[in-house]
Amino acid sequence: MTEHHVDMPAETLGAEAGLRRASIFRTLEDWPILPIILLLPIILFGVFGPLISPYDPSAVNPTVALRPPSWLTGDGLSHLFGTDYLGRDVFSRVIAGARASLLVSFFGVGIAGIVGITIGLVSGYFGGWLDTVLMRLVDIQMSMPAILLALLISAALGSGLATVIAVISIVFWTNYARVVRAETLSVKSRDYVAMARVLGCPDARLIRKHILPNVIDSALVVASLQLGAAVMLEASLSFLGLGVQPPAVAWGKMIAESKLYLAMAWWLPFFPGVALVVTVLGTNMFGDWLRDKLDPRLRNT
Amino acid sequence: MGTILELRNVKRYFGIRSGGWMGGGGEKPLKAVDGASFSIASGSSFGVAGESGSGKSTMGKLILRLDRPTGGAIEFEGRDIGKLDAEGDAWYRTRVQAVFQDASGSLDPRMRISAIVAEPLEIHARTGPNRLGKIEIREKVEDMLAQVGLPKRVMDNYPHELSGGQKQRVAIARAMILEPTMLVLDEPVSALDVSIRAQVLNLLSDFQDRYGLTYLMISHDLATLGHVSSQLAVMYLGRIVEIGGTEDIYARALHPYTKALFRAMPLPDPNRKKSAPSLRGEIGSALDIPKGCRFCPRCDEAMPVCSDVDPELVDVGAGRRVACHLMSGPQFTKATHQRGSSE
Amino acid sequence: MTQASLLSVEDLRTYCYTRAGVVKAVDGVSFALERGDSLGLVGESGSGKSMTCNSILRLLPRPAARTVGGRVLWEGRDLLTLPEREMRRVRGREIGMILQDPLMSLNPVFTIGNQVGEPFRLRGAAKGRSDLREKVLDVLRQVHIPSPEARLSQYPFEFSGGMRQRTVAAIALAGSPGLLIADEPTTSLDVTIQDQFLRLLRELQEKTGMALILVTHDLGIVAETCNKVAVMYAGKIVEFGDVRQVLTSPSHPYTEALLKALPVPGTRQRRLYQIPGEPPNLLDPPAGCAFEPRCHRAMQACRNARPPIKKLSDGRQAACLALEAREVR
């Protein structure tokens, strides 16, 4: 019998080491350190773009066209990310693109979120014919390709920043509406909602106090995924020429313009692409953190 | 003691489409509650027993106005609760409260205990002549938590941080804070461990003594109901099959279903001799209620009439009513006679 | 020990490693079972009763929980050191298991016939399709499924709760096990269906002579189904013995209090006897006896020392210092 106890202290030690490791993770859980590291430069670019930018992002200088990143050729810091076919500084343009990309994705996803969450809550909570009508609307919306919608909207509004935001809101609200409706249906059947009704809680308060806080998680997950998707959609729209118009700069547009020079100038799509990936990754990670933070059951006590 | 709650032939049918894809068939209702009548004396405890599918929880929902009856009427303190306006609804909500089985499910996971217990006051006492301020609400919440035996420090906790027994105490505190006159208790202790169960049952009986509360307790557990209630109704497939004083029913059950329930009840007495199997078969579907007595297919004492004529709930004396042909000799002969002549 | 028992659990220890610390879920549990025995393992949630069963069958949620000590001797072999391949033969064939929720134990996309036939197919016990069909029908009849021929091609959702649990029992019985472990098998069933199922278990035991471990929180179920009972509290067995003895004259204060706390049907006492407080937090258990803070017989000594489980003069075992003191007197 004693031989079975021999490995006991080792077991306990292992568990304690596990606990210590957990405390490092705990700091990471308390503060969204990684997402901040990823997103901070992008946000700074977006807000203080013109102050940071070493060159005017649309200043053409044919003498330095298609230069690779300067630190690769030993030219110091003159053109950190190289130059494009017109000799414009890629670094300055990535900084300038942050503003358009952030504006477009935050406003687009924000408007889509507000509309979608409201419709999802109303549809799920009240049900009946209202639910049927709203959900058919979602079905119709979802059966239309985003690009086709974008074409229609830009035909009506003309292309530009506002159009891109409008397209993103119209394309994305359906995801929120579906997810929030499904969650509302499940939360609605919980006992604490029945209890709130027994307490005489009016519908508006019930939705605001008991349903919304319990479905907002899923909406946030949708939002964090969509922020990335919005930047991508902005890129595709710009690629098709439906996005922001010159002299405004956007990452998607930069990638689109680089397609002719891909073979000889890898840095043209690379740096805006990296900015895109960093933004998407950062917002996704921030969304995960926020979700854990909002749920008291996952919070450390 | 006056009557506080009265149910008169209350029905709840759910319209369910049947008949398959070929059409036809039409609507065949699911009869969750099929004509329940009883009254509860103010300050007493009324128990409703039954298995799953008996309709006891649906009845609780009807009384709590979480659902509306499709027939009959429910009267509370003399007012028909089916005909309440907005003001009447607010009145009803402050008079009748509930405690459900699953305490973790009935507390909003996103709210702190203080907010959960304060919510009834936030809804009902923030406006009007008797409005309360933030500090008064907090004082009331503290007082109520003390009354249910919880320390002040749980106020800042979330439900998941409490044990099952503590959560059920929070649910009771929330139900009691508006000083209601009646509590609907739907399986309030069946999810709790035995050692905690007794604590919660004692707490409930203390509240009843202190405030003269009326209890309507719904449960599948006859031992708990027998401890709590003075009147008992046994439900089967949407119908009350036996109703009367709890002690009388325990002393001598009359309906074969009630007898079977008692036989099936496990008792911690190793010397008890187990007689014949309690009951064969399983409870039927409320969608497809058999002709005649709905208990007939499982009944050991069934007679030929039972599969033909639906027995009525008849008075058998001493305040007891039973729906069984064994109990109603004259009625049953009359019924068969009428039946025979009409065919 | 004179003769090797069918199952002998010796000083079993299973710990759970959580972020908040180590929980000694099963903390030195010992008991023995003979053929035909039925043991009721009683306790409140978190007392370690299910964990004990899962440790015996090595079905622990790894790596969160691990058995760190003790022996589980099944017909002389230590199950804790058996290679996984041989363990798989033991599970299902030599020791069957029934869990609380029958809907979770049955696969919704396969027919009843298919699922009950699975253990026979795995063992290669059936010669051809018709033989398999006969064997499946035979076990379904054993658990009293009405018109089993018609049921073979049905799916779990077409069965009621009671029928599903019978089907689970049929699958467990297909291997003709020498021991059946049933973990709260009737908690999701109605009283009358529970009664039918417990009768079925007793009948099967009488017919096959298999041993039974019935995990439950209900002393009434134990009284009706078992001949031995082990009462668990905070990971330890606090009282073990013959059902008649333990339930009619409990010796451990916890067993005594549990029985007193039950409402007695038909007698309407105003207040029930209540055990004060709540079960201990196993992350930070009391230094002495785990029940001491709630115990009506607690002495000074109980606060410092954990009482070992000891055989009493009447043959049963209990872990209580107050009791030892009384026995000596």
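Side chains included, hydrogens not; waters and symmetry mates left out as well; all remaining heavy atoms used. Values in this document were obtained by computation on a predicted structure and should not be read as measured data. Below, chain A is the first sequence line, B the second, and so on; all start at residue 1.
Taking non-hydrogen atoms and a 4.5 Å limit, the residue list of residues 105-117 of chain A in contact with chain B is empty.
At a threshold of 4.5 Å between non-hydrogen side-chain atoms, the residues D108(B) and M195(A) do not count as touching. The shortest side-chain heavy-atom distance between L199(A) and R174(B) falls under the 4.5 Å cut-off. Using a 4.5 Å heavy-atom threshold, the side chains of P159(B) and Y192(A) count as separate.
With a threshold of 4.5 angstrom between heavy atoms, R110(B) approaches chain A through its backbone and through its side chain. Residue contact with chain A, scored on non-hydrogen atoms closer than 4.5 Å, involves the backbone and the side chain of L66(B) alike. Both the backbone and the side chain of A98(B) come within contact range of chain A, judged by heavy atoms closer than 4.5 Å. Heavy atoms of V96(B) lying under 4.5 Å from chain A belong exclusively to its backbone.
Atom CZ of R68(B) has 12 or fewer heavy atoms from other residues, nucleotides or ligands within 6.0 Å. Heavy-atom contacts from other residues, nucleotides or ligands closer than 6.0 Å to CG of L148(A) number more than 12. Atom OH of Y211(B) has more than 12 heavy atoms from other residues, nucleotides or ligands within 6.0 Å.
Atom CG of D191(A) is separated from atom CG of L107(B) by 9.5 Å, given to the nearest 0.5 angstrom.
Legend: salt bridge (charged side-chain N to carboxylate O under 4.0 Å, His left out) pairs involving residues 192-212 of chain A, not counting sequence neighbours, sorted by first then second residue: R205(A)-E119(B).
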